Amino acid sequence: MSRPSPEDLLELSEEAAAEVVEEVARAGAAEDLPWLAACARDGRRAVQEAVGDGWCHHDAEAYAQVVLADAPLADGAIAVTDAALLPHLKALRHLTGVSVVIGSGPQPLSVLADVPNLTWATLKVAGEVSLAPLAAHPRLEAVELEGADGYADLERLAELPGLAYLHLGLAPGRTWESLDFLAHCPNVESLRLSGLDDATDRSALGVPENLVHVGFFEHPIGGFEGWPTSESAASLYFALSGDLDLTGIADFAPNAGRVGLYDTRVADLEPLLDLEWLAELAIYDETDPLDLTPLTGASLRLTLFRSAGHAGVDGLGPGVELRYLDD
């Protein structure tokens, strides 16, 4: 294919140059490696990201040694989406941060064993999963695991002082006995969990003092009776595949300013009015209409699908700013 020389690429805008590099890299042709290696000297972020994204389309070792070895990368960081690439990270001389985001098939945490400068790990997992291997990566800022029957050695999370984002998803039908592990995650700002039920001891939800974003997934959580108070929680997200009783939500998160609902049935939205700082409600379900009349006269931004046919939209009043996702 016709393409500009690496020198001429510098005359293009960052976005245009990145598009050219991406197109060439996606072709997966070995004869393009010298050209891509020359382009990899272009330090613009979008170009570096395109160079990194092209890795999975080529022989892993050859691309690492020829193209990526001397690339500055995007602030020294690269995202890896294929486990087969991980053994070749050692060839990257300017590597300062690695995000491993693998969405295909369960992976053992041992796949991360030799990853240098690991800062982000997103993996599907299976069976009983020990978190002990994560302790070998003290620079981890984000851990996102989905699909375990259960998690062991949760206390090892204390060895990740920079951990700010934690998502631990359980396999369908599995539930948490306790959330006591949160005592080992004092700096978590964003927490996403699946598998809470009425028997789960939730008392530790009030422990993390920096917790801002809280999400619950997959399993109906009942109501908020008996929950601890999280003064710092500002954004709540529910994707429960079931019913949600909002009674007591203001006792759990009195300072919440944003609530998101996805695939979650709510019989009564009125308890949301007890949230003094509520500024935005987002309803992402297209097929299960809710009764919005309790929000009449409120002052907030309401994001929703027009096609969902929610009741009471027309009478909400001027204080409700409507934003339709399907317009």
Side-chain angles (χ1 to χ4, degrees), residues 52-53 55-61 63-64 77-90 95 97-160 162-182 184-185 188 190-197 200 213-221 237-242 262-263:
D53 291 344
W55 194 2
C56 61
H57 301 288
H58 293 261
D59 176 81
E61 183 176 9
Y63 198 90
I78 194 167
V80 178
T81 58
D82 186 339
L85 307 180
L86 297 177
H88 305 288
L89 285 166
K90 60 181 180 294
L95 186 65
V98 178
S99 297
V100 175
V101 182
I102 301 175
S104 58
Q107 303 284 337
L109 292 193
S110 59
V111 75
L112 304 173
D114 297 319
V115 176
N117 303 307
L118 182 64
T119 59
W120 186 295
T122 296
L123 298 173
K124 291 182 179 179
V125 293
E128 294 290 331
V129 177
S130 167
L131 300 189
L134 297 180
H137 305 282
R139 292 187 55 206
L140 269 169
E141 300 170 3
V143 171
E144 185 175 17
L145 306 177
E146 182 67 48
D149 290 336
Y151 294 99
D153 303 311
L154 286 151
E155 72 278 1
R156 302 299 297 273
L157 293 173
E159 299 174 53
L160 308 177
L163 185 64
Y165 176 82
L166 179 62
H167 173 181
L168 295 178
L170 293 174
R174 303 289 182 166
T175 58
W176 292 96
E177 292 185 7
S178 168
L179 303 182
D180 287 350
F181 65 89
L182 291 175
H184 305 296
C185 313
V188 164
S190 182
L191 176 69
R192 298 173 11 130
L193 297 172
S194 71
L196 275 69
D197 67 6
T200 302
H213 307 283
V214 187
F216 300 104
F217 295 78
E218 302 294 339
H219 200 292
I221 61 174
Y237 186 84
F238 304 93
L240 300 177
S241 300
Y262 181 83
D263 196 19

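Keep in mind it's a predicted model, so treat the numbers as computed, not measured.
Looking at residues two or more places apart in sequence or on another chain, you find a side chain to side chain contact (heavy atoms under 4.5 Å, CB included) between A64 and W55, H88, A91, L92. Here D180 pairs with S178, D201, S203, A204 under the side chain to side chain contact (heavy atoms under 4.5 Å, CB included) rule; sequence neighbours left out. In terms of the side chain to side chain donor-acceptor pair (under 3.5 Å) criterion, Y151 has no residue partners (sequence neighbours excluded).
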Is there a side-chain contact (heavy atoms from CB on, under 4.5 Å) between L134 and L163 once you walk through the steps?
CA-CA 11 Å; L134 297 180; L163 185 64; over 6 Å; no

Kindly determine whether V143 and L131 satisfy side-chain contact (heavy atoms from CB on, under 4.5 Å), including the steps that lead there.
CA-CA 10 Å; V143 171; L131 300 189; 5.9 Å; no

Would you please test Y237 and F217 for ring pair (Phe, Tyr, Trp, His ring centres under 6.0 Å) and show each step?
CA-CA 8 Å; Y237 186 84; F217 295 78; 5.7 Å; yes

Evaluation steps, side-chain contact (heavy atoms from CB on, under 4.5 Å), between L157 and V188:
CA-CA 11 Å; L157 293 173; V188 164; over 6 Å; no

Any chance you could lay out the side-chain contact (heavy atoms from CB on, under 4.5 Å) test for L179 and L196, step after step, and finish with the verdict?
CA-CA 9 Å; L179 303 182; L196 275 69; 4.2 Å; yes

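For E155, the CD atom is densely surrounded, since the number of other residues' heavy atoms within 6.0 Å is greater than 12. Heavy atoms of other residues, nucleotides or ligands lying less than 6.0 angstrom from OH of Y262 number 12 at most. Taking a 6.0 Å sphere around CG of D153, one finds it holds more than 12 heavy atoms contributed by other residues, nucleotides or ligands.
Here the side chain of K124 pairs no donor or acceptor atom with the backbone of E146 at under 3.5 angstrom. Of the possible polar contacts, none joining the T119 side chain to the R139 backbone as a donor-acceptor pair under 3.5 Å is found. With hydrogens and angles disregarded, a donor-acceptor distance shorter than 3.5 Å links the side chain of H137 to the backbone of L112.
If you take NE2 on H58 and CG on L85, they are separated by 11.5 Å, rounding to the nearest 0.5 Å. Here H167 contributes atom NE2 and S190 contributes atom OG; the two are 10.0 Å apart, rounded to the nearest 0.5 Å. Rounding to the nearest 0.5 Å places CG of L240 at 10.5 Å from OG of S194. D263 contributes atom CG, which lies 9.0 Å from atom CD of E218 (distance to the nearest 0.5 angstrom). The OH atom of Y165 sits 3.5 Å away from atom CZ of R192, with the distance rounded to the nearest 0.5 Å. One finds the CG atom of L86 at 5.5 Å from the CD1 atom of I102 (value rounded to the nearest 0.5 Å).
S130 approaches P133 most closely through the heavy-atom pair O-CD, 3.3 Å. In terms of heavy atoms, G195 sits closest to L170 at CA-CD1, 4.2 Å. Contact record, Q107 with A83: OE1-CB, 4.1 Å, taken as the closest heavy-atom pair. Of all the heavy atoms in L95 and N117, the pair that sits closest is O-ND2, 3.2 Å. For the pair L154 and W176, the tightest heavy-atom approach, listed with the atom from each and the gap, is CD1-CZ3, 4.0 Å. Contact between A148 and V129 at its shortest, heavy atoms only, is CB-CG2, 3.8 Å.
Of the candidates L193, L191, L160, L140, L191 is the only one forming a side-chain contact (heavy atoms from CB on, under 4.5 Å) with L166.
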